[in-house]
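A short worksheet on the structure shown next.
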Amino acid sequence: MTIARRPSCDAVENSIGLAAPAEAVFDYVTDVRREREWNPQLREAEKLTPGPVGVGTRYRVRFGRGVGAAIIENTAFDRPRGWSAVSTSRRLDVRFRGQVTGLPGGCQLGVQTELSPRGALRVFSPVLRQLMRRSWDKDLAAIKAIIER
């Protein structure tokens with residue numbers, strides 16, 4: 001699976017190299033319940049659907065910093081190469097795409113996040129993009145540290 005590139009002024013792209021197998025990285029980052037280990041903004045994550053993580057898997061989550069509660073649903077799932085998800089909340093909708101590419105000695109993890117703020121939050125789109133880019137840089141560094149440990 002390749003990350004689809006759609007023009008969006010609110011898209012943020014980040015990536016990092018990891019010294020770990022693509023399958024291990026994919027399994028770790030696609031289970032939202034594990035996200036609290038590397039994303040300090042995630043306060044709670046509950047899997048709402050039975051069975052293994054895949055297309056249609058839904059989570060109820062709660063973030064800090066004003067986003068609050070959201071529902072995340074996997075919309076595509078191609079282990080160990082890529083996945084997509086949507087997050088819907090009262091203040092902000094997010095379309096997410098992730099890609100894991102095998103490399104000699106490890107893999108590359110790439111993420112693309114499209115922000116769709118609602119209401120008054122729309123005015124802050126440029127600031128939200130910058131915050132998201134910095135947040136993903138920190139989150140990817142944390143994922144790298146955890147996976148390579």
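All values reported here derive from a predicted model rather than from experimental measurement.
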Query raised in the report: About how many Å separate CG of L128 and CZ of R91, when rounded to the nearest 0.5 Å?
Result: 9.0 Å

Query raised in the report: Do NZ/NE/NH1/NH2 and the carboxylate oxygens of R81 and D78 come within less than 4.0 Å?
Result: yes

Query raised in the report: Below 4.5 Å, heavy atoms only, C-beta onward: do N74 and V55 meet side chain to side chain?
Result: no

Report summary line: Between L109 and V25 the two heavy atoms that sit nearest each other are CD2-CG1, 4.3 Å

Query - Beyond-backbone contact of I72 with R58, side-chain heavy atoms, under 4.5 angstrom - result: no

Report summary line: Nearest heavy-atom approach of T49 to G56 is CG2-O, 3.7 Å

Query raised in the report: What's the shortest heavy-atom distance between S89 and A70, and which atoms?
Result: CB-CB, 3.8 Å

Requested in this report: Given side-chain contact (heavy atoms from CB on, under 4.5 Å), test V94 with V86 step by step and report yes or no.
Outcome: CA-CA 6 Å; V94 178; V86 293; over 6 Å; no

Report summary line: All heavy atoms of A20 vs all of I147, minimum pair found to be CB-CG2, 3.3 Å

Report task. Please work out whether the ring planes of F96 and W83 are parallel, tilted or perpendicular, with thresholds of 30° and 60°. Result -> tilted

**Report entry** Any side-chain heavy-atom pair of V111 and R97 under 4.5 Å
**Finding:** no

Report task. Keeping the roles fixed (side chain from N14, backbone from R133), state whether a donor-acceptor pair exists under 3.5 Å. Result -> yes

**Report entry** Heavy-atom side-chain proximity of V32 to V61 below 4.5 angstrom
**Finding:** yes

Query raised in the report: When you check the gap from the basic side-chain N to the acidic O, do K47 and D31 get nearer than 4.0 Å?
Result: no

Report task. Report yes if the side chains of T75 and S84 come closer than 4.5 Å at any heavy-atom pair, otherwise no. Result -> yes

Query raised in the report: Would you say F77 and T57 make side-chain contact, with heavy atoms under 4.5 Å?
Result: no

Query raised in the report: So, for K144 and L18, which heavy atoms are closest and what is the spacing to 0.1 Å?
Result: CA-CD2, 3.2 Å

Query raised in the report: Please walk me through it: do E73 and Y59 pass side chain to side chain donor-acceptor pair (under 3.5 Å)?
Result: CA-CA 7 Å; E73 181 174 351; Y59 300 88; over 6 Å; no

Requested in this report: Check the hydrophobic clustering (I, L, V, M, F, W, Y; side-chain heavy atoms under 4.5 Å; chains of links allowed) and say if I71 and L42 are grouped together.
Outcome: no

Query - Validation row: Q112, V12 side chains within 4.5 angstrom (heavy atoms) - result: no

**Report entry** Criterion side chain to side chain donor-acceptor pair (under 3.5 Å) on Q108 and S15, from CA distance to verdict
**Finding:** CA-CA 7 Å; Q108 181 84 12; S15 65; 3.1 Å; yes

Requested in this report: State whether the side chain of E114 and the backbone N or O of R95 hold a donor-acceptor pair below 3.5 Å, judged by distance alone.
Outcome: no

Query raised in the report: Out of Q41, E44, E46, which residue meets the side-chain hydrogen bond (donor to acceptor under 3.5 Å, both in side chains) rule with R62?
Result: E44

Query raised in the report: How about L92 and P117: do any of their side-chain heavy atoms sit closer than 4.5 Å?
Result: yes

Query - Heavy-atom pair with the smallest gap, counting every atom of R118 and R90 - result: CD-O, 2.9 Å

Query - Sole residue of E35, E37, R34 in side-chain hydrogen bond (donor to acceptor under 3.5 Å, both in side chains) with Y28 - result: E37

Query raised in the report: Taking it one step at a time, do M132 and L115 satisfy side-chain contact (heavy atoms from CB on, under 4.5 Å)?
Result: CA-CA 9 Å; M132 182 63 70; L115 307 172; 3.5 Å; yes

